[in-house]
Amino acid sequence: MAEMLDTSAILSTADTDSLIIIDELGRGTSTYDGFGLAWAISNYIIEKVGCLSVFATHFHEMTNLENVHAGVKNHHVTALVQEDSLALLYKVNPGPSDQSFGVHVAKLAEFPESVVERARRRQRNLISLNFIPKECFGIWKSR
């Protein structure tokens, strides 16, 4: 509820001179609720508020906003990924991230191998089913 109240305050008070920074837009909701809210909130800010905004989100599909709205630019933090390590390099590059690190981090955190492998299988299955809304078809549909 706290995140919803914060977001409501942002949406009702922001103007063109505001700077909006939201970490994990859509957090604390189910996948579809979260993505739907993140998409709607982003579009509201772009179309109605028109201020400089920075979002961090785990919804890769949100990167398609760059293809829908002029002025939206994707950036990502680079990482060095090896089988037994993950190092975030604190370097910001243009474009969306080409991968998610959740399962990799679970392995590094020493989750049981059966959990990591099941997560990988489920992730591959969900990606193959293309559970992505029509308006988000873009770079992630082909993945």
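The basis for the numbers below is simple: all heavy atoms, side chains too, and nothing from hydrogens, waters or symmetry mates.
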Are there more than 12 heavy atoms of other residues, nucleotides or ligands under 6.0 Å from atom CD of E110?
no

Minimal non-hydrogen separation, A79 against F101, with atom names
CB-CZ, 3.7 Å

Using the side-chain hydrogen bond (donor to acceptor under 3.5 Å, both in side chains) criterion, which residues pair with R122? Sequence neighbours excluded.
N125

Apart from V103 itself, members of its ILVMFWY cluster (side-chain separation under 4.5 Å) are F111, V115, V116

What pairs with L65 under side chain to side chain contact (heavy atoms under 4.5 Å, CB included), at least two apart in sequence or on another chain?
W39, S42, N43, I46, M62, H69, V72

Just jot down the side chain to side chain contact (heavy atoms under 4.5 Å, CB included) partners of L52, sequence neighbours excluded, or say none.
L19

Using the test side chain to side chain contact (heavy atoms under 4.5 Å, CB included), find all partners of V54 that sit at least two apart in sequence or belong to another chain.
I21

Value for CD (E24) from OG1 (T57), rounded to nearest 0.5 Å, stands at 6.0 Å

How would you list, by chain and number, every residue that makes a side-chain hydrogen bond (donor to acceptor under 3.5 Å, both in side chains) with D6, sequence neighbours excluded?
none

Approximate separation, where rounding is to 0.5 Å, of F55 CZ and D23 CG
12.0 Å

Where F35 and F59 come nearest, the two heavy atoms and their spacing
N-CZ, 3.4 Å

Taking the hydrophobic residues Ile, Leu, Val, Met, Phe, Trp and Tyr, and joining any pair whose side-chain heavy atoms are under 4.5 Å apart, which ones share a cluster with L80?
L89

Can you sort out the partners of R120 under salt bridge (charged side-chain N to carboxylate O under 4.0 Å, His left out), two or more places apart, ordered by chain and number?
E117

Which atoms form the tightest heavy-atom contact between H60 and S100, and what is the distance?
NE2-CB, 3.3 Å

Atom CD1 in I20, atom CG in L11: separation rounded to 0.5 Å?
7.0 Å

E113 meets the salt bridge (charged side-chain N to carboxylate O under 4.0 Å, His left out) criterion, sequence neighbours left out, with K107

Of all residues at least two apart in sequence or in a different chain, which pass the side-chain hydrogen bond (donor to acceptor under 3.5 Å, both in side chains) check with H76?
none

Give the cluster check for V77 versus V81: same hydrophobic cluster or not, with ILVMFWY residues linked at side-chain heavy-atom distances below 4.5 Å.
no

How many angstroms lie between CG in L108 and CG in L86, if you round to the nearest 0.5 Å?
6.0 Å

Measure the spacing between CD1 of I10 and OG of S53 and express it to the nearest 0.5 Å.
9.0 Å

I would like to know whether M4 and L37 meet side chain to side chain contact (heavy atoms under 4.5 Å, CB included); could you show each step before the answer?
CA-CA 10 Å; M4 295 291 190; L37 285 164; 3.4 Å; yes

Does S18 have any side-chain hydrogen bond (donor to acceptor under 3.5 Å, both in side chains) partners at least two apart in sequence or in another chain, and if so, which?
D15

Gap between atom NE2 of H75 and atom NZ of K91 - 0.5 Å precision:
12.0 Å

Using the side chain to side chain contact (heavy atoms under 4.5 Å, CB included) criterion, which residues pair with L5? Sequence neighbours excluded.
M1

